[in-house]
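Structure record follows, encoded as structure tokens.
Just so you know, ligand 1 is whichever comes first in the structure, and atom 1 is the first atom listed for that ligand.
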Amino acid sequence: MMLPCNQKNKEAIFLMTFAQDFFIGAATAAHQVEGNNIHSDYWAQEHMTHTDFLEPSGDAVDHYNRYPEDIRLMADAGMNAYRFSIEWARIEPEEGHFDETEISHYRDVIHTCRENGIEPIVTLLHFTSPRWLITKGGWESDETPGYFARYVRFVMERLGSELRYVCTINEANMGIQVAAIAERYRKQMMARMQSGQTDGTVQMGLNLEKMMANQEAAAKERMEIFGVPKTECFTSPRTPHGDEIVMEAHKAARAAIREAAPHIQVGLTLSLHDIQALPGGEEQAAKEWADEFTHYLPAIADDDFLGIQNYTRTRMDASGSLPVPEGAELTQMDYEFYPQALEHVIRKAAEDFKGTLIVTENGIATSDDTRRAAFIETALSGVSACIADKIPVKGYFYWSLLDNFEWQKGYSMTFGLVSVDRTSQTRTPKPSLALLGRYAER
Ligand code: BGC
């Protein structure tokens with residue numbers, strides 16, 4: 001709740017605090033921090049000759065072994081919650097072979113959280129899948145919801161009694177967003193080629209001939225590794241049918257969780273942009289929001305909470321999404337620095353989703369920690385304003401606790417509240433860690 005800001009005490013606005021049971025914490029995902037996720041689809045792709053990854057994840061930031069230190073860092077900073085993911089490829093490295101020692105590992109992580117006064121919020125799928133799942137058609141196959149529910153049941157029967165909040169799937173809408181970006185890119189390429197630039201090289205220093213040759217070689221290599229011509233990983237461009245499969249997987253997982261541990265609050269998370277319509281762009285913006293959010297409402301209506309993940313805004317006019325405004329501050333990801341987006345997205349989602357909202361990710365990749373601090377302060381004042389207006393926001397998780405493996409971009413993006421020297425795996429908290437911790441009531 002924000003303290004009253006009056007004329008006499010203008011500083012009061014900086015003393016924003018939240019209710020005691022409001023979660024303040026940070027988020028990570030197994031593959032991005034643990035290291036050596038060798039049975040996963042991502043690991044296989046990172047090690048292809050024709051890989052799209054800048055570098056492999058390798059030991060990552062060794063969170064698999066150093067989680068006690070990392071959890072202590074959060075507790076020392078004052079935080080009261082930690083969102084992390086359980087890795088399916090560790091629990092079920094081969095189809096139907098479940099590994100109890102990995103369950104023990106995650107049980108230890110949960111216990112370490114509790115010993116440190118930290119609420120563990122678990123995600124059951126954060127982009128990576130076991131490699132075997134992809135050989136069976138992955139996230140476009142009708143069998144996948146059944147496989148996912150079987151894994152979820154195995155985990156929940158063992159760990160469910162120790163948890164209160166579980167996210168089934170991280171950014172369930174990611175594949176649809178990737179499909180839209182891929183389509184936009186394809187259209188741009190076609191337009192360039194049709195304008196006469198068909199001799200191999202095009203503007204922007206691209207070399208289409210080489211790209212096509214690489215794509216063919218990569219497809220051949222994928223066939224050798226996965227036994228399928230097209231790998232349908234969770235973040236591959238999704239078809240509408242694949243989108244339905246993701247929702248079926250969520251619903252099957254939700255049922256399995258409720259059966260094994262009925263006390264658990266269940267939800268999924270969505271990647272949501274603050275979509276702003278410029279004059280003439282209203283229709284485009286409404287369509288974009290429907291694709292990104294509202295068409296999922298029937299599938300999530302029975303959830304206990306919705307995880308909101310937001311990083312920036314998108315402005316749209318009649319022609320579609322626009323580049324960031326000229327002169328705008330950019331993050332390392334080339335996103336516009338726009339922390340106000342979070343408040344806008346929470347308000348918009350709350351119009352239609354009537355359950356609890358949790359900000360499961362919000363953050364910025366920057367080498368300037370003072371900008372991270374400014375980002376967090378603005379984002380949290382937006383959250384506080386929403387709560388003041390009776391929107392049921394239950395927590396805020398900054399992405400990410402540690403500088404980590406940013407998927408295809410490798411280790412080049414620094415989102416963390418804590419930096420890591422990956423040679424020695426030494427952790428160095430940034431000032432923003434303590435800043436965020438000060439917002440928590442413990
Ligand atoms: C994902 C994270 C990712 C972050 C920053 C989110 O879409 O859940 O895994 O690292 O954004 O790009």
Side-chain angles (χ1 to χ4, degrees), residues 25-35 37 40-43 45-46 52-55 57 60-61 63 82-89 121-129 139 167-181 233-238 246 250 267-274 292-293 306-314 330-339 341-342 345 358-367 371-372 375-376 379 396-420 432:
T28 62
H31 188 80
Q32 293 177 270
V33 293
E34 286 181 347
N37 187 16
S40 68
D41 53 352
Y42 268 68
W43 183 270
Q45 292 177 91
E46 287 159 27
D52 293 328
F53 288 76
L54 276 182
E55 55 188 321
S57 50
V61 288
H63 184 66
Y82 175 37
R83 173 176 176 245
F84 62 94
S85 73
I86 291 182
E87 182 59 50
W88 185 1
I121 313 276
V122 155
T123 302
L124 292 163
L125 185 105
H126 194 124
F127 293 172
T128 41
S129 308
W139 289 94
C167 310
T168 56
I169 297 177
N170 179 66
E171 296 189 341
N173 57 351
M174 184 46 69
I176 286 290
Q177 291 184 354
V178 174
I181 293 167
C233 300
F234 187 78
T235 52
S236 305
R238 239 349 26 89
V246 172
H250 164 65
L268 52 61
T269 83
L270 293 174
S271 163
L272 299 173
H273 293 88
D274 172 18
E292 197 161 292
F293 179 66
L306 169 66
I308 292 198
Q309 312 205 159
N310 167 263
Y311 289 85
T312 191
R313 69 169 167 177
T314 308
L330 297 181
T331 73
Q332 289 172 340
M333 298 285 280
D334 283 338
Y335 300 161
E336 182 184 356
F337 178 98
Y338 193 76
L342 181 61
V345 163
I358 302 180
V359 179
T360 38
E361 283 183 30
N362 175 247
I364 172 176
T366 177
S367 58
R371 298 311 289 149
R372 189 180 337 277
F375 187 95
I376 291 172
Y396 174 91
F397 291 83
Y398 176 81
W399 182 270
S400 178
L401 174 62
L402 303 151
D403 286 342
N404 64 41
F405 183 69
E406 180 54 30
W407 309 111
Q408 293 182 346
K409 288 181 187 287
Y411 292 95
S412 58
M413 302 287 114
T414 52
F415 277 95
L417 299 166
V418 175
S419 69
V420 183
S432 53

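- Nearest-heavy-atom check against atom 4 (C) of ligand 1 across Y335, Y311, W407, F415 picks out Y311.
- Residue contacts with ligand 1 include M333, since one or more of its heavy atoms lies under 4.0 Å from the ligand.
- Between the side chains of T312 and E336, no donor-acceptor pair of N or O atoms lies under 3.5 Å.
- Each of the following atoms of ligand 1 lies closer than 4.0 Å to a heavy atom of N170: 8 (O).
- Proximity to E406 (heavy-atom distance under 4.0 Å) selects the following atoms of ligand 1: 3 (C), 5 (C), 10 (O), 12 (O).
- Side-chain N/O atoms of Q332 and S412 include no donor and acceptor closer than 3.5 Å.
- In this structure a side-chain-to-backbone donor-acceptor pair under 3.5 Å is missing from R371 to S367.
- A donor and an acceptor atom, one from each side chain of S400 and Q32, are nowhere located under 3.5 Å apart.
- Using a 4.0 Å cut-off between heavy atoms, N404 makes no contact with ligand 1 at all.
- By the criterion of a heavy-atom distance under 4.0 Å, the side chain of Q309, and not its backbone, is placed next to ligand 1.
- Looking at N310, I376, V345 one by one, the single match for side-chain contact (heavy atoms from CB on, under 4.5 Å) with N362 turns out to be N310.
- Aromatic rings of H31 and W43 (six-membered ring for Trp) have centroids beyond the 6.0 Å cut-off, not under it.
- Each of the atoms 1 (C), 2 (C), 8 (O), 9 (O) of ligand 1 lies under 4.0 Å from some heavy atom of H126.
- Ranking protein heavy atoms by distance to atom 1 (C) of ligand 1, first place goes to E361 OE1, 3.3 Å.
- Atom numbering of ligand 1 starts at 1 in the shown order; those under 4.0 Å from a heavy atom of E171 are 1 (C), 6 (C), 7 (O), 8 (O).
- Side-chain atoms of Y82 and T28 include a donor-acceptor pair closer than 3.5 Å.
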